[in-house]
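Beneath this line is the structure, given in structure tokens, with notes to follow.
Each chain gets a letter, A, B and so on, in the order the sequences are listed, and its residues count up from 1. Worth saying up front: this structure is predicted, and the values here are computed from it rather than measured.
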Amino acid sequence: MQHHHQSSQLHQSAEAHEQSHHVIAVKTYLMIYLALMLLLALTVGAYFLDMGSHQINLAVAMTIAVVKAVLIVLFFMHVYYSAPLTWITAVGSLLWVGLLLAFLLADYFSRGWLDILGK
Amino acid sequence: MSASAHARRDDGRPADYLSDTSVASWLLTTDHKRVGILYMLSVTLFFFVGGVIAGLMRLELMTPRGDVMSTPDAYNRMFTMHGVIMIFFFLVPAIPGVLGNFLLPLMIGARDLAFPKINLLSWYVYMIGGVMGVWILVYGGVDTGWTFYTPFSTMYSNTYVVTAAVAVFITGFSSILTGLNFIVTVHTMRAPGMTWFRLPLFVWSHYATALIMVLGTPVLAISVVLIGLERLFQFGIFDPKLGGDPILFQHLFWFYSHPAVYIMVLPGFAVISEIIPCFSRRPIFGYRFIAFASVAIAIFGFLVWGHHMFVSGQSMYAGAVFSILSFLVAIPSAIKVFNWTATLYKGSLRFDTPMLYAMGFMGLFTIGGLTGLMLASLAIDVHVHDTYFVVAHFHYIMVGGTTMAYLGGVHFWWPKITGRTYSELWGKLSALLVFVGFNLTFFPQFLLGYLGMPRRYFEYRPEFQVLNVMSTAGASILAVGFVLPLFYLLLSLRKAPDAGPNPWGATGLEWQVESPPTTHNFHEPVLVTCGPYMYSPEEAEREYASQHVHTA
Amino acid sequence: MWDFPLFPSQASTNAPRLDALMLFEVGVLIFFSLLIGVLVVGFGIRFRRGNAVDRSNPPTHSQSMEVVWIVIPMILSILMYAWSTQLFFDLYEAPADAAQVDVVGKQWMWYLQHPQGRSETNELHVPLGRPVKLNMTSQDVIHSFFIPAFRIKQDVLPGRYTSLWFQPSKVGVYDLFCTEYCGTNHSNMIGKVYVMEPADYEAWLSEKGVGPSQAEEGERLFVQHHCAGCHRGSQTVHAPKLEGVYGKPVPIQDGKDVRFVTADDRYIRDSILLPQGEVVAGYEPIMPSFKDQINEPDLLKIIAYIKSIANRETSQ
Amino acid sequence: MQASTSTLPDAGTGRQILLSHFDDLDQQHLSSNLGMWFFLVSEVMFFSGLIGAYAVYRALSPVAFERASGHMDLWVGFFNTLVLLTSSLTMALAVRCSQIGDNRGIVRYLIATAVLGTVFLGVKGFEWKQEIDHHLLPGPHFVVPAEDAEALRAVSVGTDGQFDPVKYARNLGHFQMMFVLYFFMTGVHAFHMIVGVAAVLIFAVLAQIRWFSGYGTTQIEVLGLYWHFVDVVWVFLYPLLYLIG
Ligand code: HEA
Ligand code: HEA
Ligand code: CUA
Ligand SMILES: [Cu+2]
């Protein structure tokens, strides 16, 4: 049976403590900032570079954006130092966007594969 | 429970969460139990508004010609308002808002939800949306159907589409806030010893529901915003004249609205998973499978939205993919139904009102779900899409399923919520009326649908009349069944609390505190040492036997 | 009183095939509903409280049971899926020899155009046993074309074409419904489908006096919309004669170059709706656009008229 | 990685206040943090609806999107991205100050963040005005510039390799669609920025008057999460709107 008991020591969010208060060195922040600036320069540079096809350009731009976002999320938002739950949340939300896009575009790209009007 | 150490009410009873009766104390409360009561009042109100509209619709549909309402427009507004109110203002908030709010903290041994103020805020946000909804209803309504399909909603309808979009948008935020609160609460507020696999299945289901609320609702929000903007500024994101695609709206809408049907049914599962073991006096069968099935439904429920669009002009390949995924997402529901059934085996069954509702749920949900599979079958859906077959399908799940589960839950926890017992006789009678009335109302609609009667029809072919009359007759029985509880439940409030902490002899933490509970739920820190549903059928029998001897 | 149907008539080759599938799925429905129902009631009676039965060691879980009730529904699901998807693809892939009927939906009527020139409103006459293909579009909102007796349905969209085909298998008169909610008179956007013996159908096609033919209507509209003002030899406006244009290559000014386009339906249609798109070499781009001024049915009539004068020589 | 010694501000500087329904500060902190994370998840889904619309229409008319994107000033966008990334740095530093109990640092970095946010909004407003002046605001006054119309005409060819006016009309529509999405996405983003700047300013004032218990570690960290999220959104919007080609 379930009991009431006087023991908040057993509280299970003991893991929580470690998760939250990690202080990151200023130097680390500055390094990340520098990396972000370089990546920003890189995207603009890539824009002017003709890489043969728009798809490749788009892929490069999006890859750089993802790397930037990952840096911000990992360090500025402290996910790197956080509990797995935070990781799962962050990755999960990206996954869901991907899911929406994938199924949505699947419809548009496969229209007209069959030679049937409107299918 | 040592209540003596605590404050007393004016009438000498120990103070509970209901003690303070001032209006301000209700409107400013952050107590999850009181917020639950606020939700209960509002969803009941909306249910009856939606129900009366349904009654009017059924009256109109008694005859093939339009004769009750003066114009088709009036009827079109009716079914739209019926759908909008029932879905957004009744069914989505019903179980999570009322029972979820009330029970979630109690069940996990917490003093409140993680964000009590946000919880109250979510009720206010919901009420703002709801009041706008009623305002629209009073001032003439909306006639787009609850699905708001473009370009009708953006270019052709001349009703309050923008207001309705805003109302739905606002209500959506209430859903998001509730979901957020539940997720965080389950993660951080569990009492010591309350591990994930000691959680009642009610909590698992609500957790899964909350995930859908957080992940899906924003997409609904953005699609109704786009509707509003397109209507106001004519910039045409879905307008075919500008190269826009009306089907895109359908995609965005169903990306939310299919998962939303699981927002509506998972909390129903939550209630059933509590009632069945309690009245069978035995541990639930296949706890882990039921728990994981909830999460699986929440996740895979996002992959099937296109099954509402099989004949819309979506690509056939997309249709084929959405179809197979719809079949697969039915498996976790099947797991649940079978596990509940297995729970009855070797139990010690009693048929109190909540159990009657739960058994009704199992049968009607099974029929609703299996007809869902027919709809997921591409070729069959081509024939029955947008006919009364679909109407019957979703009423079987939403009325026969979730609304029954909600009523079952209200009866089950009523003694906890109010401290009073109600009349079993009336309870059983109304459960019976609901079951009979329901089947008479909606079973004929399956036949109508296969015969080809389209939905959203103000007038219909005369050969459909007989079945429609049956349906209307059923609806009037159903109405009586739904109104009865209002009376005997409210009447029970007139007597002094007589329920005691645990009238059903149930095992959950919520049954170990007073009825009604005190503001802080638990007087001492809670330590959980074992899983839920530790019932024993043989013990129940001995108990029964001894009682029997005494009275005889 | 008991004179009401419980089952729709089967009037196309698709109908019995679909009903067979439906029957199977109803079987699955009944099987599982009965299974659950019988078990719930059965356990309810047997294990009711106070009944003396063995309740020792009630099982709390069973891996093998779970596997059984996952695998069996899974197999049935895949069966139902395969069957229904097979039918679904057949439902839209029209045979090559199907006769084509154009369908335009608008609030709140169906406009149908036969290849032989005859057109109808809210009525569709088709010959028994011959495949018919529908090419559909909408002029305003989304509608849906539904013939219960044929078990077919397809949404009709503005700005896009969708299609559907069927092969009638029984002579008779059947309902035609609009099943996508489209506003006030959605429930009156209905019609009849007449399946006729081929001979009767031929007779119906050539029937006279039922109103002007498609092309005659078109000619009237041609005058009414002032096309004739320019295209029948105006003194002031320099515009091409349209006699004999249809089906022939037309020279189109393309920058400094000229290329040739065949004057087919699409070309005529675009010339009317988007005249600046392709300007006939040697003419000024002065023709106004008739976009949003001529509705889809009228457009089809005008095109029919221009087709009908394809073999007339221009008097130039 | 540094050992995670507790850096919670302690007595003397004021411990964080524990709300009555929580058991301890860690639980309280974790809840707030997680709450914000799940709120951000729902925000992501909100934007994903728009990104979905964007993806569909861009896939249908790539050239129209490219031409439309040509009207956005790449360098203005570049500048704004730079500003926003810098504001993320100052925000991160403000959070750090709250962790180590440097109240003046909190105020200073929050103000810097708000200033950078305001600069971003100012530039954005200026850009909007330019575009509106050029009749690029979707609606009745929208004009497709001649050279774009020309370019779109050139790519509007049917399967037969010949000019297809229907395609042309659709491309023109999608040209405008890009501006619909542009104004809407940047508008929603700007709305989030305005909310963010207001919150940052309020927090700066509250920190200045030492309203927070325990330097508001929890509150400022949660605010930081929000701010960085808005930044991440822009990181995607910049290439999607400005850098097509
Ligand atoms: C709570 C609400 C709810 C729920 C839970 C469901 C559940 C399901 N729905 Fe339903 N549905 C709606 C509410 C709901 N639906 C609404 C409101 C509409 C109409 C919207 C509108 O257009 O207005 C709709 C419409 C709808 C359509 C579109 C119809 C059309 O417009 O043409 C489809 C098509 O696939 C569908 C399928 C399903 C399926 C496969 C499930 C499954 O999840 C069901 C799973 C359950 C079971 C299968 C039963 C239990 C299983 C067994 C007893 C074992 C046997 C199992 C097998 C053999 C697999 N639904
Ligand atoms: C939770 C969701 C929910 C619930 C509970 C209900 C409940 C009911 N619904 Fe509803 N329904 C929908 C959701 C729901 N519905 C949706 C989403 C649609 C689609 C809308 C659209 O197409 O856009 C729909 C559409 C719909 C239609 C199809 C309309 C059409 O397509 O033309 C019909 C027709 O019979 C119908 C009937 C009923 C009936 C008889 C009830 C009954 O169960 C209601 C019983 C309750 C009462 C009657 C109230 C209590 C009684 C009293 C207060 C007594 C006094 C009243 C009287 C005597 C009348 N509903
Ligand atoms: Cu046309 Cu309904
Ligand atoms: Cu669905």
Side-chain angles (χ1 to χ4, degrees), chain B residues 30-32 105 110-118 172-173 175-177 179-185 187-189 191-192 210-211 213-223 225-226 229-230 233-245 247-249 251-252 255-256 520-521 525, chain D residues 19-24 26-57 59-61 64 137-142 152 166-181 183-185 187-188:
Chain B
T30 54
D31 183 340
H32 65 100
R111 285 190 285 281
D112 207 321
L113 290 169
F115 310 113
K117 285 187 198 132
I118 289 184
F173 274 95
S175 223
I176 294 175
L177 293 179
L180 207 103
N181 220 338
F182 283 5
I183 292 177
V184 174
T185 303
H187 274 290
T188 65
M189 307 292 283
L211 281 180
M213 286 173 161
V214 169
L215 286 166
T217 321
V219 180
L220 172 75
I222 190 71
S223 37
V225 166
L226 289 174
L229 289 179
E230 171 152 356
F233 305 116
Q234 303 293 321
F235 63 35
I237 207 160
F238 305 120
D239 179 2
K241 290 207 190 76
L242 287 174
D245 185 1
I247 308 256
L248 177 63
F249 171 77
H251 275 299
L252 294 180
F255 180 86
Y256 163 77
H520 283 287
N521 298 350
Chain D
L19 295 173
S20 69
H21 62 292
F22 290 115
D23 290 339
D24 54 45
D26 278 327
Q27 190 188 24
Q28 175 170 323
H29 179 91
L30 188 68
S31 299
S32 305
N33 191 289
L34 205 60
M36 181 45 91
W37 270 104
F38 275 95
F39 177 70
L40 296 184
V41 169
S42 80
E43 288 275 34
V44 168
M45 291 317 289
F46 189 80
F47 277 99
S48 77
L50 286 173
I51 305 258
Y54 174 93
V56 164
Y57 291 129
L60 290 179
S61 287
L137 179 68
H141 301 295
F142 188 83
L152 291 176
V166 175
K167 257 198 181 152
Y168 180 46
R170 216 173 57 195
N171 276 330
L172 292 178
H174 288 161
F175 182 84
Q176 176 174 344
M177 196 78 78
M178 167 68 173
F179 281 95
V180 172
L181 289 164
F183 277 101
F184 196 58
M185 285 168 148
V188 173

Top contributor to chain D interface from V219(B), I176(B), I237(B) [non-hydrogen pairs under 4.5 Å]: I237(B)

Exercise: identify the closest heavy-atom pair between F38(D) and V214(B): O-CG1, 3.5 Å

Part of F255(B) lying under 4.5 Å from any heavy atom of chain D: side chain

Option in L177(B), L113(B), D239(B) with maximal non-hydrogen atom pairs under 4.5 Å from chain D: L113(B)

Leading residue by heavy atom contact count with chain D [cutoff under 4.5 Å; candidates N181(B), T217(B), L211(B), I183(B)]: I183(B)

Best-contacting candidate, L60(D), V44(D), L50(D), V188(D), against chain B by heavy atom pairs under 4.5 angstrom: L50(D)

Chain D contact via H520(B) - side chain, backbone, both or neither, heavy atoms under 4.5 Å: side chain

Contact origin within S48(D) toward chain B - heavy atom pairs under 4.5 Å: side chain

Options A110(B), S223(B), P105(B), P116(B), ranked by heavy-atom pairs under 4.5 Å with chain D, top entry: P116(B)

Toward chain D, the part of I118(B) with a non-hydrogen atom under 4.5 Å: neither

Contacting moiety of L181(D), where chain B heavy atoms sit under 4.5 Å: side chain

Interchain contact, L252(B) with chain D, by part (heavy-atom threshold 4.5 Å): side chain

Where I222(B) and G49(D) come nearest, the two heavy atoms and their spacing: CG2-CA, 3.9 Å

Chain B contact via F39(D) - which portion, at a heavy-atom distance below 4.5 Å: both

Which atom of L30(D) lies closest to which atom of T188(B), heavy atoms considered: CD2-CG2, 3.7 Å

Portion of D245(B) that has a non-hydrogen atom of chain D nearer than 4.5 angstrom: both

Segment of F184(D) engaging chain B (4.5 angstrom heavy-atom cut-off): side chain

Residue pair S31(D) / M189(B): nearest heavy atoms and the distance that separates them: OG-SD, 4.3 Å

Which residues share a ring pair (Phe, Tyr, Trp, His ring centres under 6.0 Å) with F46(D), sequence neighbours left out: none

Per-residue contact mode, L220(B) against chain D (heavy atom under 4.5 angstrom): neither

Side chain / backbone / both / neither for L248(B) at chain D, heavy atoms under 4.5 Å: side chain

Best-contacting candidate, T185(B), L215(B), D112(B), against chain D by heavy atom pairs under 4.5 angstrom: L215(B)

